[in-house]
Number of protein chains: 4
Amino acid sequence: MPKVGMEPVRRQALISAVIDAIHERGLSHVTMGEIARRAGVSAGLAHHYFGNKDQLLLATMRHLLSELGDEIQQRLAGAETARERIRAIVAGNFSACQFRPAVISAWLAFYVEAQTDAEAHRLLRIYQRRLESNLLHALQELVSRNQAVDIAEMAAALIDGLWIRRSLAGEQPDPESAVAVVETAIFGAISRYHA
Amino acid sequence: MPKVGMEPVRRQALISAVIDAIHERGLSHVTMGEIARRAGVSAGLAHHYFGNKDQLLLATMRHLLSELGDEIQQRLAGAETARERIRAIVAGNFSACQFRPAVISAWLAFYVEAQTDAEAHRLLRIYQRRLESNLLHALQELVSRNQAVDIAEMAAALIDGLWIRRSLAGEQPDPESAVAVVETAIFGAISRYHA
Amino acid sequence: MPKVGMEPVRRQALISAVIDAIHERGLSHVTMGEIARRAGVSAGLAHHYFGNKDQLLLATMRHLLSELGDEIQQRLAGAETARERIRAIVAGNFSACQFRPAVISAWLAFYVEAQTDAEAHRLLRIYQRRLESNLLHALQELVSRNQAVDIAEMAAALIDGLWIRRSLAGEQPDPESAVAVVETAIFGAISRYHA
Amino acid sequence: MPKVGMEPVRRQALISAVIDAIHERGLSHVTMGEIARRAGVSAGLAHHYFGNKDQLLLATMRHLLSELGDEIQQRLAGAETARERIRAIVAGNFSACQFRPAVISAWLAFYVEAQTDAEAHRLLRIYQRRLESNLLHALQELVSRNQAVDIAEMAAALIDGLWIRRSLAGEQPDPESAVAVVETAIFGAISRYHA
DNA sequence: AATGAATGAGTTTTCATTCAT
DNA sequence: GATGAATGAAAACTCATTCAT
């Protein structure tokens with residue numbers, strides 16, 4: 001039953017299937033066959049649209065990165081003060097659509113993949129630099145440049161660390177408390193410098 | 001030319017080979033053949049000693065966990081005050097033998113594997129609980145129990161986050177500055193509660 | 001935008017695409033998708049017109065055979081003496097439209113295909129018999145029947161051999177010198193028998 | 001039942017299987033599975049020893065080229081006069097072990113493969129150049145350099161052409177008459193130049 | 001103890017072909 | 001008439017694992 005205009009639908013279904021499959025089986029055990037089955041299409045179609053497994057995986061990673069970017073950008077748009085911008089960045093990183101178990105699993109998997117895969121590495125670095133740069137700009141309005149650098153690094157590491165630990169804990173992820181931990185650490189550090 | 005008493009040597013060589021192979025190829029691309037080649041033995045021997053690939057991987061993970069445990073235990077032995085114990089735990093996590101690029105890669109890989117592999121998950125949780133428990137005990141001498149729980153979580157996440165980010169940065173890992181970041185965050189939080 | 005009367009145009013475009021594709025990728029690597037792409041149509045249309053891949057390939061072969069036949073027939077029409085008829089046959093085999101690199105590649109590929117494909121074999125044998133029979137008739141006016149048979153075989157082999165070698169040489173094919181080599185061999189053999 | 005020292009045996013069996021499979025199915029229809037089956041081993045083993053299909057095919061081609069080279073070299077060793085050397089080269093090209101139907105099919109297939117495969121092309125050109133060079137040296141003792149060049153080209157083309165036509169004819173190949181045709185053409189041409 | 005030979009199951013990938021639109 | 005969606009079967013290739021030696 002071929003219909004026209006199905007390409008974007010199938011692409012999205014396949015990317016979602018990748019995320020779910022990684023969550024349940026782990027990236028190293030995911031097969032094209034399983035992804036296709038979850039997406040309700042044949043393995044051939046997955047290749048037809050993405051060329052090969054690596055490309056499909058990278059497309060999924062790009063999807064996640066872009067979703068996260070949008071999430072943060074949206075929140076930044078409504079932020080006026082430096083404190084609000086910092087909150088926007090932190091909250092964006094733990095936004096509902098990103099902090100779902102399956103998405104967390106996929107993120108982690110790609111994080112690790114980026115250790116050895118050049119393209120995955122490149123994609124992740126771009127996101128990381130942007131995150132740090134955003135944080136840095138906001139922080140520099142509150143503390144000196146050197147202090148901002150230190151706090152930004154700490155905050156970025158804390159965000160990643162909370163992600164990884166919450167995911168491993170297996171409990172229902174709790175975005176709000178995660179946000180609170182990071183904000184406490186950031187604003188605590190800022191007030192320390194101000195004292 | 002089989003020699004007697006080679007077993008521990010071979011086992012260690014294979015475990016080291018796993019770590020290096022994960023670092024260079026990524027866990028999902030590591031094969032028994034490559035591990036064996038790196039260890040300078042035949043693939044058959046790897047099976048002879050470890051039974052199968054999963055067991056070899058888990059043995060490697062156990063090796064890393066035990067090494068980290070020893071590292072922290074050693075430092076704790078010489079620590080007398082609560083502050084010193086906290087410093088011992090943090091420093092142990094970034095000790096030279098652990099904070100090598102190849103070891104970091106392997107840790108990350110196992111972290112992710114633990115998402116979907118029951119035994120890996122169990123091993124990792126044991127280590128995490130011990131780490132948190134150690135931290136908690138030390139912190140409770142300085143702050144209230146509730147405050148200690150919050151700080152311990154933050155500290156643990158920060159340690160993991162620094163690991164993961166430093167590894168991805170590709171630069172030579174710098175244990176001392178990592179330790180400094182974590183200690184600053186911990187003692188900053190403590191002093192905040194005291195104020 | 002389907003147009004009426006496009007069928008012969010599409011068919012010819014597909015056949016030309018087959019020849020070019022064989023030249024650039026080799027028959028064993030040619031796919032329907034690539035042929036269709038080169039012809040500027042969808043893969044579905046290629047099937048619509050030719051039924052399946054084998055039929056399209058055979059249609060291409062028939063096209064080449066018929067083109068070669070026409071080429072020779074045209075030249076034979078203007079030939080009066082036996083020597084002229086021999087020259088017509090030889091020259092026809094190296095005529096410009098046949099001795100193009102892409103066409104040579106396709107010919108060779110079909111030659112080989114004919115080893116194992118019954119229909120291709122049949123088509124090629126028809127052409128070969130006609131070529132030999134034409135040559136034989138002309139030669140028999142100049143030498144005895146037995147001598148004519150020998151010379152015809154030699155000439156036919158020489159034609160094929162020059163084709164195959166020129167094609168592999170990769171140089172710009174030079175029909176005239178090829179013709180000269182064959183004619184020298186034929187007329188040399190004839191004069192030898194006459195001596 | 002693994003035995004040591006099987007590698008050369010398996011390699012040879014696989015190469016022979018390639019030749020037979022090409023003869024019966026045609027290069028474009030040959031699969032690794034069929035080759036392995038004919039060789040009496042698993043498809044995995046074929047990959048184990050040759051890496052991939054292309055490499056196995058090229059190894060087969062190298063095998064044929066080297067066998068042909070040996071055949072000619074042997075005959076050349078016993079030749080003293082220029083005429084004998086020419087006969088050695090021609091006879092070597094139609095030697096029993098080369099002029100078997102299956103071997104002929106394989107040769108043709110590789111000839112065509114060389115049109116589009118760089119490595120196959122390289123291998124074939126080396127053989128062709130050596131053949132022409134050998135012929136040229138022998139011929140230059142009997143005729144002028146220019147005449148030798150012409151005769152060598154004609155002879156080489158005739159050899160290839162006879163191969164291709166005899167193979168297509170499907171009859172039992174007849175080395176002796178093929179040799180006779182080539183020698184008649186060569187020595188006829190020489191005597192023509194001498195006249 | 002140790003190896004290399006060998007396999008078979010599983011995975012990716014390709015591609016001719018079909019079919020609704 | 002023409003397309004793009006979709007499939008399924010077949011092919012290449014990988015690799016953990018077994019086993020005779």
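Remember, it's a predicted structure, so these values are computed and weren't measured experimentally. Proteins come first, then strands; the chains are lettered A, B, ... in the order of their sequence lines, and each starts at number 1.
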TODO: Report yes if a side-chain nitrogen or oxygen of A:Arg10 is closer than 4.0 Å to either non-bridging phosphate oxygen (OP1 or OP2) of F:dA5; otherwise report no.
DONE: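 For F:dA5, neither OP1 nor OP2 has a side-chain N or O of A:Arg10 closer than 4.0 Å.
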Contact class for [X] (heavy atom, under 4.0 Å): base, sugar-phosphate, or nothing?
X: C:Gly33; result: sugar-phosphate
X: A:Val30; result: sugar-phosphate
X: D:Thr31; result: sugar-phosphate

Integer-rounded Å distance: [N] [atom2] and [X] [atom1]:
X: C:Glu7; N: F:dA2; atom1: CD; atom2: C1'; result: 13 Å
X: C:Arg11; N: F:dG1; atom1: CZ; atom2: C1'; result: 13 Å
X: D:Leu14; N: E:dT7; atom1: CG; atom2: C1'; result: 14 Å
X: A:His29; N: F:dC15; atom1: NE2; atom2: P; result: 13 Å
X: D:Arg37; N: F:dA12; atom1: CZ; atom2: P; result: 13 Å
X: D:Glu34; N: F:dA11; atom1: CD; atom2: P; result: 9 Å
X: B:Ile35; N: F:dC15; atom1: CD1; atom2: P; result: 11 Å
X: D:Met32; N: E:dG8; atom1: CE; atom2: P; result: 16 Å

Open item on the list: Check this for me, if you would: do C:Glu67 and C:Arg62 make a salt bridge, where the nitrogen-to-carboxylate-oxygen distance has to be below 4.0 angstrom?
Closed with: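 Not counted as a salt bridge, because no side-chain N and carboxylate O are separated by less than 4.0 Å.
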Open item on the list: Salt bridge or not between B:Glu7 and B:Arg10? Use side-chain N to carboxylate O under 4.0 Å.
Closed with: no
Task: C:Ala43, nearest nucleotide to its side chain (from E:dT17, F:dT7, E:dT7) - done: E:dT17
From [X] [atom1] over to [Y] [atom2], what is the distance, rounded to the nearest 0.5 angstrom?
X: C:His23; Y: C:Ile104; atom1: NE2; atom2: CD1; answer: 8.5 Å
X: A:Leu14; Y: A:Tyr49; atom1: CG; atom2: OH; answer: 9.0 Å
X: A:Leu58; Y: A:His63; atom1: CG; atom2: NE2; answer: 14.5 Å
X: D:Asp117; Y: C:Ser28; atom1: CG; atom2: OG; answer: 9.0 Å

Task: Residue mapping more 5' on DNA chain E - nearest nucleotide basis, D:Leu45 or A:Gly44 - done: D:Leu45
- [ ] Begin from the C-alpha positions of C:Gln115 and C:His121 and carry the test side chain to side chain contact (heavy atoms under 4.5 Å, CB included) through to its verdict.
- [x] CA-CA 6 Å; C:Gln115 300 278 317; C:His121 192 266; over 6 Å; no
Open item on the list: Just to be sure I understand the geometry, which residues of residues 46-58 of chain B put a non-hydrogen atom under 4.0 Å away from DNA chain E?
Closed with: B:His48, B:Tyr49
- [ ] Take D:Arg122 and D:Arg125 through the side chain to side chain contact (heavy atoms under 4.5 Å, CB included) test and state the conclusion after the steps.
- [x] CA-CA 5 Å; D:Arg122 200 180 65 78; D:Arg125 289 288 286 171; 5.9 Å; no
- [ ] Carefully, step by step, assess D:Phe50 and D:Val18 under the rule side chain to side chain contact (heavy atoms under 4.5 Å, CB included).
- [x] CA-CA 12 Å; D:Phe50 290 95; D:Val18 170; over 6 Å; no
- [ ] Using Watson-Crick or G-U wobble pairs with both distances under 3.5 Å, give me DNA chain F in dot-bracket, 5' to 3', with [ ] for crossers and | for pairs to another strand.
- [x] .||||||||||||||||||||
